[in-house]
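Basis for what follows: all heavy atoms, side chains included, without hydrogens, waters or symmetry-related copies. In what follows, chains are A, B, ... by sequence order, proteins preceding strands, each numbered from 1.
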There are 2 protein chains.
Amino acid sequence: MTEILTEEKIKEAARIVFMEKGYAATGMRDIAAKAGVNLSLVNYYFRSKRNIFNLIMTEKMQKIFGSIIPYMIDETTSLEEKIKNISTMYINTISEDPNLPLFVFSEIQKNPEEFAFLFPLKQINFMETSIIKQFKTRCPEINPAHFMLNFLGMTIFPFIAAHLFSNMQTHIFDNILSVIEERKTLIPLWMNQILDSPIN
Amino acid sequence: MTEILTEEKIKEAARIVFMEKGYAATGMRDIAAKAGVNLSLVNYYFRSKRNIFNLIMTEKMQKIFGSIIPYMIDETTSLEEKIKNISTMYINTISEDPNLPLFVFSEIQKNPEEFAFLFPLKQINFMETSIIKQFKTRCPEINPAHFMLNFLGMTIFPFIAAHLFSNMQTHIFDNILSVIEERKTLIPLWMNQILDSPIN
DNA sequence: AATTGTTTTAAACAAATGTTTAATTTTTTT
DNA sequence: AAAAAAATTAAACATTTGTTTAAAACAATT
């Protein structure tokens with residue numbers, strides 16, 4: 001019974017190739033080659049390119065959007081604790097899969113309708129989450145969108161930009177891995193600075 | 001002499017289609033159709049798909065990376081003024097071309113070698129720019145990469161995330177256009193808060 | 001050991017791809 | 001007005017694409 005092994009080998013190969021080249025630039029033959037498997041087996045186990053891609057995409061969307069939800073709705077933590085927990089969790093998660101944000105964002109952009117329905121954040125009422133309620137109490141004058149954009153921008157953007165520049169042999173962001181590691185403790189401090197700003 | 005008109009029509013069509021679908025998903029027939037022109041004319045004027053794409057890509061990389069350089073090296077402005085000028089300039093520039101960051105980042109990721117040599121920031125010594133020298137004076141303990149990542153993350157990330165969510169009919173970032181407009185004045189205030197933080 | 005079901009293979013498929021060719025139309029030059 | 005040059009067209013090209021077919025190899029069951 002080698003069945004599960006082959007199926008998982010193909011899925012893992014698809015993960016790697018899709019993440020690297022995107023949907024359009026990936027061929028079924030690329031996946032088969034990376035899995036070390038006959039071309040027909042990809043269709044045999046997964047029916048079509050669209051089908052296997054959507055499996056991977058669902059996984060990755062869950063990973064980047066779904067993972068934040070438990071932290072956002074947690075009524076037992078303070079705003080500061082949420083910031084600390086989410087930035088640490090995100091930096092850990094994305095460090096293992098540095099191309100995750102760029103992959104997910106750019107595939108959604110190319111096919112928004114196809115993936116809208118499996119967007120995990122659609123299922124919760126964003127404005128009624130604990131984190132947003134806490135922010136509104138703290139900064140009643142500021143649109144909570146600003147808070148989320150600042151927070152996620154500071155956390156996620158470094159992966160989009162830096163992993164890229166290092167591939168281009170630019171030296172702007174040398175030691176980027178240790179820089180990103182430092183951000184686990186720095187981002188919460190900076191976010192508190194912003195929250196306490198007299199602007200609010 | 002309709003020559004220039006046709007050539008520019010094709011280039012403009014290529015701009016639109018490439019920005020929307022990316023290199024791999026764009027066909028020569030898509031470009032010809034969008035330009036309202038015979039398929040052969042695309043090769044007649046631009047020789048190959050790679051060639052016309054690289055023209056567009058050079059343009060866009062100049063727009064997103066090149067436009068920031070004059071502000072970074074300007075010795076006549078303070079750090080605060082640079083922050084104000086760059087965030088305003090970027091928000092104006094990208095608002096007219098909201099998919100610019102995602103397009104450039106994801107195409108570079110798929111082909112880092114091809115575009116490394118035309119990366120405008122390779123030509124300047126990043127660490128010796130005025131903005132970085134000013135930051136190091138202000139915050140000697142902090143790696144300047146953090147400063148640039150915070151600043152660019154707060155400025156650019158909203159376009160990557162928000163334009164996307166609105167296409168997905170999520171309501172997380174409603175009124176995103178006015179929110180982004182507000183950020184022209186808010187980002188400099190937040191950045192100053194971060195710069196003045198007792199952490200540094 | 002024979003039969004059944006499952007997995008793997010090589011070959012072929014039609015459709016789509018980027019590109020080229022050669023003829024035709026249009027424009028420019030003489 | 002004739003000749004030359006440039007722009008446009010339709011058709012074909014060789015590859016590559018995702019997918020299917022049908023036979024072979026393998027495993028499980030009787």
Visitor: Could you give all pairs that pass the salt bridge (charged side-chain N to carboxylate O under 4.0 Å, His left out) test and reach residues 25-41 of chain B, with sequence neighbours left out?
Guide: B:Lys21-B:Asp30

Visitor: Near B:Arg50 CZ, under 6.0 Å, is it more than 12 heavy atoms from other residues, nucleotides or ligands?
Guide: yes

Visitor: So, using ring-ring contact (aromatic ring centres under 6.0 Å, His included) as the criterion, who are the partners of B:Phe18 when residues are at least two apart?
Guide: B:Phe53

Visitor: Quick one, give me the B/S/- string for nucleotides 10-15 of chain C, reading 5' to 3', where B means a protein heavy atom under 4.0 Å from the base and S means that only happens at the primed atoms, P, OP1 or OP2.
Guide: BBB---

Visitor: Residues two or more places apart in sequence or in another chain: which of them pass ring-ring contact (aromatic ring centres under 6.0 Å, His included) with A:Phe135?
Guide: A:Phe147

Visitor: Looking at B:Lys9 and B:Glu12, is any side-chain nitrogen of the basic one under 4.0 Å from a carboxylate oxygen of the acidic one?
Guide: no

Visitor: How bent is the helix from C:dA1-D:dT30 to C:dT30-D:dA1, measuring the angle between the end axes built from five pairs each, rounded to 10°?
Guide: 0°

Visitor: With sequence neighbours excluded, tell me which residues meet side chain to side chain donor-acceptor pair (under 3.5 Å) with B:Asp97.
Guide: B:Lys60, B:Lys63

Visitor: Would you please name every residue forming a side chain to side chain donor-acceptor pair (under 3.5 Å) with B:Thr137, sequence neighbours left out?
Guide: none

Visitor: Between atom NZ in A:Lys9 and atom P in C:dT7, what is the gap in whole Å?
Guide: 14 Å

Visitor: Whole Å only: how far is the CG atom of A:Leu41 from the C1' atom of D:dC26?
Guide: 13 Å

Visitor: Rounded to whole angstroms, how far apart are CD1 on B:Ile31 and C1' on C:dT17?
Guide: 13 Å

Visitor: Could you verify whether a donor N or O on one side chain and an acceptor N or O on the other, from B:Arg183 and A:Asn150, lie under 3.5 Å apart?
Guide: yes

Visitor: Rounded to whole Å, how long is the line connecting atom CZ of B:Phe46 with atom C1' of C:dT20?
Guide: 18 Å

Visitor: Round to a whole Å and report the spacing from CD1 of A:Ile10 to C1' of C:dT8.
Guide: 10 Å

Visitor: State plainly whether the residues A:Glu128 and A:Lys136 are in salt-bridge range, i.e. N to O under 4.0 Å.
Guide: no

Visitor: How would you list, by chain and number, every residue that makes a side chain to side chain contact (heavy atoms under 4.5 Å, CB included) with B:Glu181, sequence neighbours excluded?
Guide: B:Lys184

Visitor: My understanding is that only residues two or more places apart in sequence, or in another chain, count here; which of them pass side chain to side chain contact (heavy atoms under 4.5 Å, CB included) with A:Ser178?
Guide: A:Asn175

Visitor: Quick one: A:Asn43 CG to D:dA22 C1', roughly how many Å, whole number?
Guide: 15 Å

Visitor: For C:dT9, does OP1 or OP2 lie under 4.0 Å from any side-chain N or O of A:Tyr44?
Guide: no

Visitor: Which residues within residues 12-23 of chain A lie with some heavy atom under 4.0 Å of an atom in DNA chain C?
Guide: none

Visitor: Going by side chain to side chain contact (heavy atoms under 4.5 Å, CB included), name the residues that satisfy it together with A:Asn43, two or more places apart in sequence or in a different chain.
Guide: A:Met28

Visitor: Report yes or no: do A:Ile68 and A:Ile64 belong to one cluster of Ile/Leu/Val/Met/Phe/Trp/Tyr joined by side chain heavy-atom distances under 4.5 Å?
Guide: yes

Visitor: May I ask you to list the residues of residues 47-55 of chain B, by number, that have any heavy atom positioned under 4.0 Å from an atom of DNA chain D?
Guide: none

